[in-house]
Amino acid sequence: MKRIIILLTAISLTLGSTFAQKMIQKNNIQLSSDLMTPEALWAMGRISGYAASPDGKHIAYQVGYYSVAENKSHHILYMMDADGKNQKQLTTSAANETDVAWLSNDHIAFITGGEVWSMNIDGTDRKQLSNTKGEVEGYLFSPDKTKVILIKSIPYHGSIQKNPADLPKATGRLITDMNYRHWDHYVESIAHPFVANVNGDGTIGEAKDILEGKPYECPMAPFGGIEQLAWSNDSKKIAYTCRMKEGVEYAISTDSDIFLYDLEAEEGSTNRNKNLCKEGVNLPSIHAKDANWRIDPSKTMKNQRINHLEGDLNVGYDQNPKFSPDGRYVAWLSMERDGYESDRQRLCCFDLQTGDKKYLTESFDSNVDDFCWSDNKDAIIYFIGVWHGTENLYAINWKGELKQLTNDWADFGSLQMLNNKKQIIAERHDYMNAADLYVITPNFKKPEKTDVKQITQENKHIFDQLAKGKIQQRWVKTTDGKEMMYWVILPPHFDETKKYPTLLFCEGGPQSPVSQFWSYRWNFMIMASQGYIVVAPNRHGLPGFGSEWCEEISGDWTGQCMDDYLTAIDDAANNLPYVDKDRLGCVGASFGGFSVYYLAGHHDKRFKCFIAHDGAFNLESMYTDTEEVWFSNWEYEDAYWNKDLSANAKRTYDNSPHKFVDKWDTPILCIHGELDYRINANQGFGAFNAAKLKGIPAELLLFPDENHWVLKPQNGILWQRTFFNWLDRWLK
């Protein structure tokens, strides 16, 4: 239930390992009209990784291409100058080539076939460096290139017992503890980081497991990658992310920590493996009064967080460490509270010399989603975060001075510095444009002079054939007297004299932002291209409008946030003359799917049809069905079987959508993946069966081989066609 942007990583991990017999390359599709179609969407290349050379002159990047006919993907490496010129395709085989990194200014490393390889930047002199029988899942060379971290999976039987040797064909699993399955797989292996020396000829020697004998994973499933580890500048230490728990403790806790592994310390010594989150002194945080905003302060919600001066502030998610350029500091992303996956994600900075810890971004009352260090004397860290429905670039210094450097109706993705420390590479996308790479020249003193330049145009040949819709931003007063922003996406060739069928989009999470995301499933451009207006509210419970606004949803899934949905669609229907109030639909996934199921019993005949993807239908069942119990514990506050339920818990269970099926009266399409262990498929079965038993027109699109998302090309096309056939049937 995390941000939609994670989809790109998941596609790379799930499909990127598939070896195509035939090389899949850029699709030069010729469209028959200027409207986006499912086929055009799946013909697009997807940029999913990039790295700058040490001298900052070149950028290597990865693009995934998809063949609907073969139902496969292929990932290709490209090289270009740092200004975007002289782009060259490096991939020469039908095998996937991914995870590009630089060994020198003219030599890169990459993964193919589960091994680390190298080649020159012109694609010549290809050489296999590792020899692990295809086990490498990620890697990271030390700054001096004498060592390398290899991510490999090892067998794990902490929750599922190993079957007897004399029953080799037995398919049963004897389960003795929780965390026996996670996201979309049974947990019979976990990832571990191994460290190996690099030989004089560049090949990689025998690797040592730095978590040897420990039943803990690193990186953390299901989304973690090599970004959860970092080398110190002197190549002698490794900072890594780990949640040292298993079984029930793993299932109910989000408490991961940052550990510092010293390669030169004696085995077993206290200096060998330090927990930075549980050590050091917490300094006073930098408070919001020190902020220097370029956004409207009148809409900034008051920060209600208590800033502790002492004690453990690191019992939630801590991840993605990065060393400062001078090697003195380690910074990472940090959440304060255990069991709360959507806690505000802050920047924690640890001084390796003094042991002091400081939380730098208390003046930014939203999440820090990625960051990079700078040598700039004015700004020490650049980061991206969501505010008012956009993901823009910010900078902060030691004084706590915060500057917003970009102010686009767009979302910037992961960032990294060019070698000169004066420019940033970032990925950028919005509702009408897929991801491309940009070079940003930040200006801390005069943020309005920050320069943003596009350097790739991966899908220009497709977008040049497409007409785009327009985006509007509206503010409306909620039923509790506050101001809510919602996006309105208009169809291409929009005619304000006509009336259009309109969709209410319900976001997932429940605390994921309705920012300017680009999705290959929940894509607003294709919805608009099919002749629909989309209303996408930033309801209570979403980040980007202050912590108070964001946290009001926990323990209140069916209160204010549901009122907000109806407020937004009513405002659009009553005040936008081109919205046809007699042709309204409601769609959503995950918590958005839950919202659809709930609104189906409470919409007072506003909507003519519903679509719910992977939504929770029966919250009592959901409490024990989901593999990450910490989510249910935090959001529902209590187990349903306890007799002395809190008011929030009682309200949550009393308002579970399945208890209002008696009020259902509107056609509904349910979609679910059977490999979805976050929200199990029985939730979709229950909703569909209830609708059919009620005599309500209903369909169930079931994917036996998909998880919480839909990743395979032909399934993706089937999803889009089914989605729009259902909407067209009832709204057109």
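Residue numbers count from 1 along this sequence.
No donor-acceptor contact under 3.5 angstrom links the side chains of E212 and H192, judged on distance only. Looking at Y317 and D338, their side chains never bring a donor and an acceptor atom within 3.5 Å of each other. S253 and D255 are not linked by any side-chain donor-acceptor pair at a separation below 3.5 angstrom, with hydrogens and angles left out of the test. For the residue pair D318 and W332, a side-chain donor N or O sits within less than 3.5 Å of a side-chain acceptor on the partner. Side-chain atoms of T98 and N96 form no donor-acceptor pair, as typed in the model, at a separation below 3.5 Å. Q516 and D411 are not linked by any side-chain donor-acceptor pair at a separation below 3.5 angstrom, with hydrogens and angles left out of the test. Side-chain contact of D81 with N86: a donor-acceptor pair under 3.5 Å is present, judged by distance alone. Judged purely by distance below 3.5 Å, without hydrogens or angles, the side chains of S159 and E246 never pair a donor atom with an acceptor atom. When only modelled atom types and interatomic distance are considered, N271 and S269 share no side-chain donor-acceptor pair under 3.5 Å. Side-chain N/O atoms of T254 and E341 include no donor and acceptor closer than 3.5 Å. For N320 and D370, the side-chain atoms include no donor-acceptor pair closer than 3.5 Å. A donor and an acceptor atom, one from each side chain of N120 and T124, are located under 3.5 Å apart. Between the side chains of R243 and Y216, no donor-acceptor pair of N or O atoms lies under 3.5 Å.
Not less than 6.0 angstrom separates the ring centroid of F259 from the ring centroid of Y261. Checked against the 6.0 Å centroid criterion, the rings of W183 and H708 qualify as a close aromatic pair. Aromatic rings from F703 and W719 are positioned such that their centres are separated by 6.0 Å or more.
Between A109 and V116, the shortest heavy-atom contact is CB-CG1, 4.4 Å. In plain terms, the two heavy atoms of P321 and V330 that are nearest each other are CB-CG1, 3.9 Å. Between H182 and A221, the shortest heavy-atom contact is CE1-O, 3.4 Å. Residues I226 and P219 approach most closely at N-CG, 4.5 Å, considering heavy atoms. Looking at every heavy atom in both residues, N71 comes nearest to Q714 through OD1-N, 2.9 Å.
Remark: R272 does not engage D262 in a salt bridge, criterion side-chain N to carboxylate O under 4.0 Å. A salt bridge is defined here as a Lys NZ or Arg NE, NH1 or NH2 lying under 4.0 Å from an Asp or Glu carboxylate O, and R328 with D351 meets this definition. A salt bridge links E188 and R173; the closest N-O separation between the charged side-chain nitrogens and carboxylate oxygens is under 4.0 Å. Under 4.0 Å is where a charged nitrogen must lie from a carboxylate oxygen, and between E627 and R678 at least one such pair does. In summary, K245 and E217 do not engage in a salt bridge, as defined by a charged side-chain N under 4.0 Å from a carboxylate O. Ion pair K278/D257 flagged as a salt bridge, since at least one NZ, NE, NH1 or NH2 atom sits closer than 4.0 Å to an Asp/Glu carboxylate oxygen.
The closest side-chain heavy-atom distance from I108 to I121 is below 4.5 Å. Side-chain atoms of I425 and L415, non-hydrogen and from C-beta on, never get closer than 4.5 Å to each other. Side-chain contact between Y329 and W373 is present, with at least one heavy-atom pair separated by less than 4.5 Å. Looking only at side-chain heavy atoms (C-beta outward), N273 and L260 stay at 4.5 Å or farther from each other. For the pair Y180/V187, no side-chain contact is recorded, criterion being any heavy-atom separation below 4.5 Å from C-beta on. Inter-residue side-chain proximity for Y250 and M178 is flagged as unmet; no heavy-atom pair is nearer than 4.5 Å. By the 4.5 Å heavy-atom criterion applied to side chains, E391 and D369 are counted as neighbours. No side-chain heavy atom of I440 sits under 4.5 Å from any side-chain heavy atom of Q423.
No side-chain donor-acceptor contact under 3.5 Å links S590 to the backbone of G508. With N433 contributing its side chain and H429 its backbone, the two residues share no donor-acceptor pair below 3.5 Å. The backbone N or O of Y50 sits less than 3.5 Å from a side-chain atom of Q416, completing a donor-acceptor pair. When atom types are taken as modelled, the side chain of K152 and the backbone of F194 share no donor-acceptor pair closer than 3.5 angstrom. Put simply, the side chain of S142 gets close to the backbone of K147: a donor and an acceptor are under 3.5 Å apart. Between the side chain of E336 and the backbone N or O of G316 there is no donor-acceptor pair closer than 3.5 Å. A donor-acceptor contact shorter than 3.5 Å is absent between the side chain of D177 and the backbone of G158. Between the side chain of T361 and the backbone N or O of L347, at least one donor-acceptor pair lies under 3.5 Å. With hydrogens and angles disregarded, no donor-acceptor distance shorter than 3.5 Å links the side chain of Q454 to the backbone of Y438. A donor-acceptor pair is defined here as one N or O able to donate and one able to accept, closer than 3.5 Å; such a pair exists between the side chain of Q128 and the backbone of S130.
Taking the ring axis of Y66 as reference, the NZ or CZ atom of R46 stays within 45° of it and closer than 6.0 Å to the ring centre.
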Does the pair C242 and Y240 meet the rule for a side-chain contact (heavy atoms from CB on, under 4.5 Å), with working shown?
CA-CA 7 Å; C242 190; Y240 67 93; 3.8 Å; yes

I would like to know whether L77 and Y61 meet side-chain contact (heavy atoms from CB on, under 4.5 Å); could you show each step before the answer?
CA-CA 6 Å; L77 299 181; Y61 64 102; over 6 Å; no

I'd like to know whether N523 forms a side-chain contact (heavy atoms from CB on, under 4.5 Å) with L41, so could you lay out the CA-CA distance, the side-chain angles of the two residues, the decisive distance to 0.1 Å, and finally the verdict.
CA-CA 9 Å; N523 184 282; L41 195 62; 3.7 Å; yes

May I have the step-by-step check of side-chain contact (heavy atoms from CB on, under 4.5 Å) for E137 and S153, ending in yes or no?
CA-CA 8 Å; E137 300 169 17; S153 289; 2.6 Å; yes

Can you check ring-ring contact (aromatic ring centres under 6.0 Å, His included) on F223 and W709, steps first, answer last?
CA-CA 13 Å; F223 306 122; W709 299 321; 5.6 Å; yes

Take E97 and T91 through the test side chain to side chain donor-acceptor pair (under 3.5 Å) and record every step on the way to the result.
CA-CA 7 Å; E97 296 179 347; T91 290; 3.0 Å; yes

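Between F383 and the options Y394, F371, F412, a ring-ring contact (aromatic ring centres under 6.0 Å, His included) holds for only Y394.
Atom CD of Q228 sits about 8.0 Å away from atom CD1 of I258, to the nearest 0.5 Å.
For NZ of K127, the number of neighbouring non-hydrogen atoms (other residues, nucleotides, ligands) closer than 6.0 Å is greater than 12. Counted within 6.0 Å of NZ on K145, heavy atoms from surrounding residues, nucleotides or ligands total more than 12; the atom is thus considered enclosed.
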